Amino acid sequence: MATDYYAVLGVSRDAGQDEIKKAFRRLARELHPDVNPDPKTQERFKEINAAYEVLSDPQKKQVYDLGGDPVSGAGGGGAGPGFGGAGFGNFSDIMDAFFGTASQRGPRSRTRRGQDAMIRLEVELDEAAFGTTKDIQVDTAVVCNTCSGEGAAPGTSAQTCDMCRGRGEVSQVTRSFLGQVMTSRPCPQCQGFGTVVPTPCPECAGDGRIRSRRTLTVKIPAGVDNGTRIQLAGEGEVGPGGGPPGDLYVEIHEVPHPVFQRRGDDLHCTVTIPMTAAALGTQCPLETLDGLEEVDIRPGTQSGQSIPLHQRGITHLRGGGRGDLIVHVEVQTPAKLDPQQEDLLRQLAKIRGEERPAGHFQPGQQGLFSRLKDAFNGR
């Protein structure tokens with residue numbers, strides 16, 4: 001086996017569920033990222049979560065003890081797929097395979113893994129471009145401090161169910177054309193847990209967890225975009241019975257910028273200049289993400305032309321480098337002229353021979369029926 005889960009939790013191979021549960025909770029309180037933010041400690045915290053998820057589940061634990069893969073359920077024992085091998089452990093497993101009545105045998109654990117959680121986080125354009133660190137507040141389920149996840153009031157504990165005697169299921173014998181048939185179902189008194197809690201914890205009502213608001217620090221990598229999700233392992237909901245927590249996903253939402261529009265890793269903006277500046281050339285100051293820069297408008301610039309500023313866009317999320325900043329030029333023609341301005345323009349038009357320009361006409365785009373008509377006429 002690649003990992004010894006018993007050694008990870010520090011228990012012997014014949015340890016019971018209560019001993020495994022206590023060992024996990026003791027380690028979880030010591031290694032939780034909120035208590036010890038050291039990266040090596042966080043890796044250790046993930047290891048104990050993985051070990052507890054297997055050893056707290058009777059079926060996964062059985063597969064693991066036989067040398068198999070507890071995730072895929074592949075057994076590693078030497079027996080073949082006969083009646084006594086890993087394929088069918090007993091007669092009930094054979095009936096389950098043929099009639100589809102598979103169910104978990106024995107009492108089920110009160111401790112289960114918690115659900116994943118997701119929170120939306122808004123970031124500015126410059127934060128998405130260069131990355132940042134943000135503190136977020138999340139409301140999730142955490143282990144109840146009053147009962148430490150046990151679910152029982154202080155000074156009390158869970159007791160063996162007197163209906164199923166700790167088996168978690170009750171059996172019933174019925175008659176059929178095949179003879180007497182024994183069926184099993186979860187115990188109605190303990191809901192299949194095998195134990196009951198006579199005096200639930202007043203703080204969590206026996207669930208072993210409570211709602212709490214926490215503050216987490218999230219590192220936003222450079223280059224994130226709308227919809228990007230950042231996974232924080234082990235920061236989600238704590239499971240019932242104080243079980244291992246799920247993961248927290250932070251979904252990025254970028255706040256629209258008043259000047260720049262993002263398209264992938266490139267940024268786009270539009271600058272409007274008068275026709276005289278377009279004809280003579282000029283320089284326009286532009287506040288980019290890197291600071292104030294002068295955009296060089298060359299003489300004779302036409303409306304609709306683009307001026308690229310390389311490496312002034314968004315940092316690539318995967319790989320080095322950045323996108324570009326594309327400045328689109330819009331030339332503004334004056335709508336009203338005073339007599340002096342009109343006289344000057346007329347003189348310029350006369351000098352350039354543009355008093356009565358002929359213009360350059362081009363064929364417009366034809367419609368579908370016009371193109372079909374020309375095709376039939378051989379044009």
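As the structure is a prediction and not an experimental result, all values here were calculated from the model.
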- Query: Any Lys/Arg nitrogen of D139 or R214 sitting under 4.0 Å from an Asp/Glu carboxylate oxygen of the other?
  - Reply: no

- Are a donor atom and an acceptor atom from the side chains of D57 and Y64 found within less than 3.5 Å of each other? no

- Message: Looking at Q261 and V259, would you say the former's side chain and the latter's main chain have a donor-acceptor pair under 3.5 Å?
- Response: no

- E150 bridged to R25 by N-O distance under 4.0 Å: yes

- Query: In terms of hydrophobic clusters joined by side-chain contacts under 4.5 Å, are V271 and I326 together?
  - Reply: no

- Between E254 and N226: side-chain donor-acceptor atoms closer than 3.5 Å: no

- Message: Any carboxylate oxygen within less than 4.0 angstrom of a Lys/Arg side-chain nitrogen, looking at R346 and E355?
- Response: no

- Can you tell me which residue pairs pass the salt bridge (charged side-chain N to carboxylate O under 4.0 Å, His left out) test with a partner in residues 319-334, sequence neighbours excluded? D290-R322

Run the side-chain donor-acceptor check on residues 151-160: report pairs under 3.5 Å with partners two or more places apart or on a different chain.
from : atom 1 : to   : atom 2 : distance (Å)
T156 : OG1    : A153 : N      : 3.2
T156 : OG1    : A153 : O      : 2.6

- Query: Partners of R229 by salt bridge (Lys or Arg N to Asp or Glu O under 4.0 Å), sequence neighbours excluded?
  - Reply: E251

I'd like a table of donor-acceptor pairs (distance under 3.5 Å, sequence neighbours excluded) in which one partner is a side-chain atom from residues 192-207, with atom names and distances.
from : atom 1 : to   : atom 2 : distance (Å)
T195 : OG1    : R110 : NE     : 3.2
D207 : OD2    : R209 : NE     : 2.6

- Message: Donor-acceptor check, side chain of E235 to backbone of L232, threshold 3.5 angstrom: yes or no?
- Response: no

- Query: Do R262 side-chain atoms and G264 backbone N/O form a donor-acceptor pair below 3.5 Å?
  - Reply: yes

- Ignoring hydrogens and angles, state whether a donor on the side chain of Q189 or D162 is under 3.5 Å from an acceptor on the partner side chain. yes

- Check whether the side chains of T217 and D135 place a donor and an acceptor atom closer than 3.5 Å, and report yes or no. yes

- What class does the angle between the rings of F24 and Y52 fall in, given that below 30° is parallel, 30 to 60° is tilted and above 60° is perpendicular? parallel

- Query: For R318, does its backbone N or O pair with a side-chain atom of H316 as donor and acceptor, under 3.5 Å?
  - Reply: no

- Message: Checking K22 now: which residues fulfil side chain to side chain contact (heavy atoms under 4.5 Å, CB included) with it, not counting sequence neighbours?
- Response: none

- Verify whether one side chain among E53 and N49 offers a donor that lies under 3.5 Å from an acceptor in the other. no

- Using salt bridge (charged side-chain N to carboxylate O under 4.0 Å, His left out) as the criterion, point out the one residue from R113, R211, R112 that pairs with E237. R211

- Any side-chain heavy-atom pair from K46 and E43 closer than 4.5 angstrom? yes

- Any side-chain hydrogen bond (donor to acceptor under 3.5 Å, both in side chains) pairs touching residues 268-280, not counting sequence neighbours? H268-H328

